[in-house]
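Computed from heavy atoms alone, side chains included, the values below leave out hydrogens, waters and symmetry copies.
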Amino acid sequence: MSPFRSHMQLALDEAQAAALRGEVPVGAVIAHPDGRVIAAAGNRTRELNDPTAHAEMLVIRAACAALGQERLTGYDLYVTLEPCPMCAMAMSHARIARLYYGASDPKSGGVAQGPRVFSHAQCHHVPEIYDGLRAGDAGALLKSFFDRLR
């Protein structure tokens, strides 16, 4: 196994690109166990008129398509914001090994907030969870985006 290398900067770049498209600035990256980036995505719910087009859902779909498999056993997912319940369950179904996220989401989070998806008996796979990675940068990007809307 390769030494740890964070891909949160790429996730932040994807979040910034999402903001420039008028999307809520959330970005995500899937990394191979050897550290190579397999896929990166930012939110596209408005662009695609798809409420499931969260960064995490898009990056999981892209990684599975690129690899030709339905599961991402051993892979890492980096995301700038605490995943919502939908995205957390998708990570469980995909068998993501490690989840790294930036800012917490008291309003819509599903990992450390709200329903805490990974703590339920119906959740058959729980990734290792590392929170707060570049949380200040991710939070500032979100705050700036929403301040511009007000």
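Residues satisfying the salt bridge (charged side-chain N to carboxylate O under 4.0 Å, His left out) criterion with Arg36, sequence neighbours excluded, are Asp34. Remark: Asp131 pairs with Tyr101 by the side chain to side chain contact (heavy atoms under 4.5 Å, CB included) rule, at least two apart or across chains. Residues that satisfy the ring pair (Phe, Tyr, Trp, His ring centres under 6.0 Å) test with Tyr130, not counting sequence neighbours, are Tyr100. Take His120 and apply the ring pair (Phe, Tyr, Trp, His ring centres under 6.0 Å) test, not counting sequence neighbours, and it matches no residue.
Atom NE2 of His54 is separated from atom CG of Leu81 by 10.0 Å, given to the nearest 0.5 angstrom. Leu77 contributes atom CG, which lies 11.5 Å from atom CD1 of Ile129 (distance to the nearest 0.5 angstrom). In this structure, His125 NE2 and Met89 CE are separated by 11.0 Å, a value rounded to the nearest 0.5 Å. Between Leu72 atom CG and His32 atom NE2 the span is 10.5 Å, to the nearest 0.5 Å. If you take SG on Cys84 and CD on Glu56, they are separated by 6.0 Å, rounding to the nearest 0.5 Å. Distance CD1/Ile30 to CG/Asp76: 8.5 Å, rounded to 0.5 Å.
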Candidate pair Tyr78 and Leu10, rule side-chain contact (heavy atoms from CB on, under 4.5 Å), full reasoning: CA-CA 9 Å; Tyr78 295 80; Leu10 180 54; over 6 Å; no
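Follow the hydrophobic side-chain contacts under 4.5 Å out from Val24 and you never reach Met8; the two are in separate clusters.
Taking each heavy atom of Ala18 and Val26 in turn, the nearest pair found is CB-O, 4.2 Å. What you find for Ser92 and Cys123 is that their closest heavy atoms are OG-SG, 3.3 Å. Across all their heavy atoms, Pro85 and Pro115 have their closest contact at CG-CG, 3.4 Å. Nearest approach of Ser6 to Leu133, heavy atoms of both residues: OG-CD2, 3.7 Å. Contact detail for Ala63 and Ala39: the closest heavy-atom pair is N-CB, 3.8 Å. Taking all atoms of both residues into account, the shortest heavy-atom contact from Pro25 to Ala19 is CB-CB, 3.8 Å.
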With a 3.5 Å cut-off and sequence neighbours excluded, list the donor-acceptor pairs that the side chains of residues 135-142 form with protein atoms.
{"unit_1": "Asp137", "atom_1": "OD2", "unit_2": "Arg134", "atom_2": "NE", "d": "2.6"}
{"unit_1": "Asp137", "atom_1": "OD2", "unit_2": "Arg134", "atom_2": "NH2", "d": "2.8"}

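With side-chain heavy atoms closer than 4.5 Å counting as contact, directly or through intermediates, the hydrophobic cluster containing Met57 also holds Met86.
Under the 3.5 Å distance criterion, the side-chain polar atoms of Asn43 are matched with a main-chain donor or acceptor of Ala55. Listed for the Arg61 side chain is no donor-acceptor partner under 3.5 Å among the backbone atoms of Val59. A donor-acceptor distance shorter than 3.5 angstrom exists from the side chain of Thr80 to the backbone of Gly27, with no hydrogens or angles considered. Panel note: side chain Glu82, backbone Gln113; a donor-acceptor pair is recorded below 3.5 Å. The backbone N or O of Gly35 sits less than 3.5 Å from a side-chain atom of His7, completing a donor-acceptor pair. At least one donor-acceptor pair under 3.5 Å links the side chain of Glu23 to the backbone N or O of Thr45. The backbone N or O of Gly22 lies less than 3.5 Å from a partner atom in the side chain of Arg46, making a donor-acceptor pair. Side-chain atoms of Gln69 come within 3.5 Å of backbone atoms of Arg71 as a donor-acceptor pair (strictly under, hydrogens ignored).
For the pair Arg116/Val111, no side-chain contact is recorded, criterion being any heavy-atom separation below 4.5 Å from C-beta on. Counting heavy atoms from C-beta outward, Lys143 and Phe146 have side chains that stay 4.5 Å or more apart. Taking 4.5 Å as the limit, every side-chain heavy atom of Leu99 sits out of range of all side-chain heavy atoms of Glu128.
A salt bridge links Arg21 with Glu47: the distance from a Lys NZ or Arg NE/NH1/NH2 to an Asp or Glu carboxylate oxygen falls below 4.0 Å.
Remark: the Asp50 side chain and the Thr52 side chain contain an N/O donor-acceptor pair separated by less than 3.5 Å.
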